[in-house]
Each structure stands twice: as C-alpha cells, then as structure tokens.
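These notes are about the structure you will find just below.
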Amino acid sequence: MAKTIMIVDDSASMRQVVGIALKGAGYDVLEGRDGKDALAKLTGQKVHLIISDVNMPNMDGIAFVSAVKLLPAYRFTPVIMLTTETDIDKKNASRAAGAKAWVVKPFKPEQLLDAVQKLCLP
C-alpha cells in the first residue's frame with residue numbers, strides 16, 4: 001500500500017509539480033489549497049507526511065503546522081516546509097511550530113524526494 005503525502009500550497013501549478021514528483025515515486029497524494037482547506041481534509045485518514053507552503057491566504061503554513069500538531073491523529077506526522085520564503089524568523093517559527101525540514105523553491109525533484117524519504121512515517 002502506497003504511503004500518503006498531503007501537499008498544501010495555494011498555487012495549483014506548484015501542487016501539480018510536487019504531485020507529479022511524488023506520484024512518480026509511488027506515493028498517493030492529498031491536496032489542500034491553503035492551511036484552512038487542508039485542515040478540513042484531515043479527517044483521521046493515515047497521512048505519512050505533509051509538505052506545506054509558508055505564505056498562503058486564509059491560513060498560512062506556520063499556523064497550519066501549529067494546528068496540525070494539536071490534532072491527536074497527526075501530532076507526530078512530519079512536516080516539510082516548501083517555500084520561497086528565506087526569512088530566518090519564519091524558518092525558526094516553522095521549526096517551533098513542528099516543521100522538520102525546510103526546502104526552498106525552486107527545488108529539484110530529487111532534493112524533495114530525498115527529504116520525503118528521510119522523514120516519511122513507516
């Protein structure tokens with residue numbers, strides 16, 4: 001059974017690019033268009049990893065990660081921040097919220113897949 005990864009990004013094209021890379025590596029993909037939409041889609045199903053943008057409308061990535069870590073079913077789900085953001089304060093805030101890795105866009109698919117393989121829950 002394939003592992004499931006949730007992609008949270010307000011850019012449909014970015015979700016598509018990341019989704020193609022993950023599906024090509026054998027993962028199932030769930031998508032959220034922002035933090036609020038993604039939270040609504042976390043309904044108890046097993047999610048092995050979350051990849052989230054930082055800057056999004058409605059609920060940004062840092063608030064999303066903080067909210068996810070309050071959900072018992074997802075408290076230990078690893079989160080990778082995938083963003084154009086380079087602000088060290090936001091990076092530290094993401095880490096404090098519970099993010100495990102920070103990948104800067106543009107990225108190489110191999111770079112993202114390497115981080116996914118290292119952090120994905122069994």
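The shown structure was predicted, so the numbers you read here are calculated from the model rather than taken from an experiment.
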Check: Given the rule that I, L, V, M, F, W and Y join up when any side-chain heavy atoms are under 4.5 Å apart, are L30 and M56 in one cluster?
Finding: yes

Check: Out of curiosity, L82 CG to Q111 CD, how far, rounded to the nearest 0.5 Å?
Finding: 8.5 Å

Checklist line | Point-to-point distance, once rounded to the nearest 0.5 Å, from NZ of K105 to CE of M81 | finding: 10.0 Å

Show which side-chain atoms of residues 60-70 pair as donor or acceptor with protein atoms under 3.5 Å away, not counting sequence neighbours.
{"residue": "D60", "atom": "OD1", "partner": "I62", "partner atom": "N", "Å": "3.1"}
{"residue": "D60", "atom": "OD1", "partner": "A63", "partner atom": "N", "Å": "2.8"}
{"residue": "S66", "atom": "OG", "partner": "I62", "partner atom": "O", "Å": "3.1"}
{"residue": "K69", "atom": "NZ", "partner": "R75", "partner atom": "O", "Å": "3.2"}
{"residue": "K69", "atom": "NZ", "partner": "T77", "partner atom": "O", "Å": "2.6"}

Next item on the list: Could you grab the distance from atom CG of L42 to atom OH of Y74, nearest 0.5 Å is fine?
Entry: 5.0 Å

Next item on the list: Starting at CE of M14, measure out to CD1 of I7 and round the result to the nearest 0.5 Å.
Entry: 10.5 Å

Notebook entry, point to check: If you round to the nearest 0.5 Å, how far is CZ of F107 from OG1 of T84?
Noted result: 12.5 Å

Notebook entry, point to check: Take atom NZ in K41; do more than 12 heavy atoms of anything else shown fall under 6.0 Å from it?
Noted result: yes

Notebook entry, point to check: Under 4.5 Å between side-chain heavy atoms, hopping through other hydrophobics if needed: is there a path connecting I20 to I80?
Noted result: no

Next item on the list: Establish whether L121 and V8 are linked, either directly or via other cluster members, by ILVMFWY side-chain heavy-atom contacts under 4.5 Å.
Entry: no

Output side-chain donor-acceptor pairs under 3.5 Å for residues 46-55, partner residues at least two apart or in another chain, one line each.
{"residue": "H48", "atom": "ND1", "partner": "T4", "partner atom": "N", "Å": "2.9"}
{"residue": "N55", "atom": "OD1", "partner": "K90", "partner atom": "NZ", "Å": "3.1"}
{"residue": "N55", "atom": "ND2", "partner": "E85", "partner atom": "OE1", "Å": "2.9"}

Check: What pair of heavy atoms forms the shortest contact from A21 to P109, and how long is it?
Finding: CB-CB, 4.2 Å

Notebook entry, point to check: Taking C-beta and beyond as the side chain, do D28 and L22 meet within less than 4.5 Å on heavy atoms?
Noted result: no

Check: Quick one: CG on D9 to CG on D34, what's the gap to the nearest 0.5 Å?
Finding: 10.0 Å

Note to self: If hydrophobic clusters are built from ILVMFWY residues whose side chains come within less than 4.5 Å, do M6 and W102 share one?
What the structure shows: yes

Next item on the list: With sequence neighbours left out, write down each residue that passes side-chain contact (heavy atoms from CB on, under 4.5 Å) with R33, or none if nothing qualifies.
Entry: R15, D37

Note to self: For D87 and K91: C-alpha separation, side-chain torsions, deciding distance, then whether salt bridge (charged side-chain N to carboxylate O under 4.0 Å, His left out) applies.
What the structure shows: CA-CA 6 Å; D87 182 81; K91 187 173 183 178; over 6 Å; no

